[in-house]
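Report on the following structure.
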Amino acid sequence: MVDFNTCVETKAGTLLLPKGRLSYPNLFVARAMKGEPAEKAMYGATILLPPGVDLKLAVAVVDKVVTEKWGAGAKVKKKPFLKSAEKMEDEELAKAFPIMIRSSSKQRPGIIFANCDPCTDEEEVYPGRWARLSVRAYCWDHPANGRGVSFGLSNVQLLEHDERIGGGRAKAEDEFSPVEVAGGDAGATADSIFGD
């Protein structure tokens, strides 16, 4: 039985994060941040985690790479663990998923379904879908932002479907009702809108 609430080190040496809901997934097309050149384009996903997940192994991995890079007791300004309440406008969602972890990669991640079949359909990947991410911790040192640790995105396993989050486009069937179309009055015409 798989424990979805804890981190696991994979055979490949990556870290498999607990099950959560995808947010801002761009897994098929790399995107650059606003104002950045195209060569800075990245693939990425944020995972929203529910209360009670066990991140001890993830914290240990982050501490290990910091120690390896800068020595024991080194301080870093930024780590990959974020408080959802500080980053999200949706208070209810932030309360239900208090931990947010961002990950990105220059290489496109592998995307599979729960049964390990590959996913090639972009429609299957949306904000709100349950998933697991495999990541690798790395250190960085930025002249303006100081030292930090981020997670590089390796692969994604898509799990259960759920309601979309983040104000995505409504489903067409939720906006329209079935209607009969006849040759009758189709409504306002260009002539009636513009007058003469």
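Sequential numbering from 1 along the given sequence is applied to the chain's residues. Heavy-atom basis, side chains included; hydrogens, waters and symmetry copies ignored.
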Sidechain N-carboxylate O distance under 4.0 Å for D63, K79: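 Result for this pair is yes, salt bridge flagged.
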
Salt-bridge contact R129-D162 (side-chain N to carboxylate O under 4.0 Å):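 So R129 does not pair with D162 through a salt bridge.
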
Crowded around [X] [atom1]? As in, over 12 foreign heavy atoms under 6.0 Å?
| X | atom1 | answer |
| --- | --- | --- |
| F113 | CZ | yes |
| E36 | CD | yes |
| E163 | CD | no |

Side chains of [X] and [Y]: closer than 4.5 Å at any heavy-atom pair?
| X | Y | result |
| --- | --- | --- |
| P80 | S150 | no |
| W70 | C139 | yes |
| L55 | I99 | yes |
| C7 | P18 | yes |
| L93 | M88 | yes |
| C116 | Q157 | yes |
| K40 | P37 | yes |
| E160 | K19 | yes |

For a quick test of reading the model, state the closest non-hydrogen atom pair linking [X] to [Y] and the distance between them.
| X | Y | value |
| --- | --- | --- |
| L153 | S105 | O-CB, 3.3 Å |
| L27 | Y43 | O-CD2, 3.6 Å |
| N115 | D117 | OD1-N, 2.9 Å |
| A131 | I47 | O-CD1, 3.6 Å |
| R132 | F4 | CD-CD2, 3.6 Å |
| M42 | S104 | CE-OG, 3.5 Å |

[X] side, atom [atom1]; [Y] side, atom [atom2] - distance, nearest 0.5 Å:
| X | Y | atom1 | atom2 | result |
| --- | --- | --- | --- | --- |
| I111 | N155 | CD1 | CG | 9.0 Å |
| R147 | K69 | CZ | NZ | 9.0 Å |
| M100 | S84 | CE | OG | 4.5 Å |
| K83 | K87 | NZ | NZ | 11.5 Å |

Trace of the side-chain contact (heavy atoms from CB on, under 4.5 Å) decision for L158 with V156: CA-CA 6 Å; L158 301 173; V156 178; 4.1 Å; yes

Joint cluster assignment, [X] & [Y], ILVMFWY side-chain distance < 4.5 Å:
| X | Y | result |
| --- | --- | --- |
| V61 | W140 | no |
| L57 | L17 | yes |
| L159 | V8 | no |
| L15 | Y138 | no |
| V62 | V53 | yes |

Aromatic plane relationship, F81 with F151 - under 30° parallel, 30 to 60° tilted, over 60° perpendicular: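 Ring orientation, 0 to 90° scale: perpendicular.
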
Worked verdict on Y126 versus L22 for side-chain contact (heavy atoms from CB on, under 4.5 Å): CA-CA 7 Å; Y126 58 88; L22 288 173; over 6 Å; no

Ring pair (Phe, Tyr, Trp, His ring centres under 6.0 Å) between W130 and F97, intermediate numbers included: CA-CA 12 Å; W130 289 88; F97 298 91; 5.7 Å; yes

side-chain contact (heavy atoms from CB on, under 4.5 Å) assessment of D90 paired with I165: CA-CA 10 Å; D90 186 333; I165 58 175; over 6 Å; no

I101 and L49: CA distance, side-chain angles, deciding distance, side-chain contact (heavy atoms from CB on, under 4.5 Å) verdict: CA-CA 8 Å; I101 296 177; L49 299 173; 3.8 Å; yes

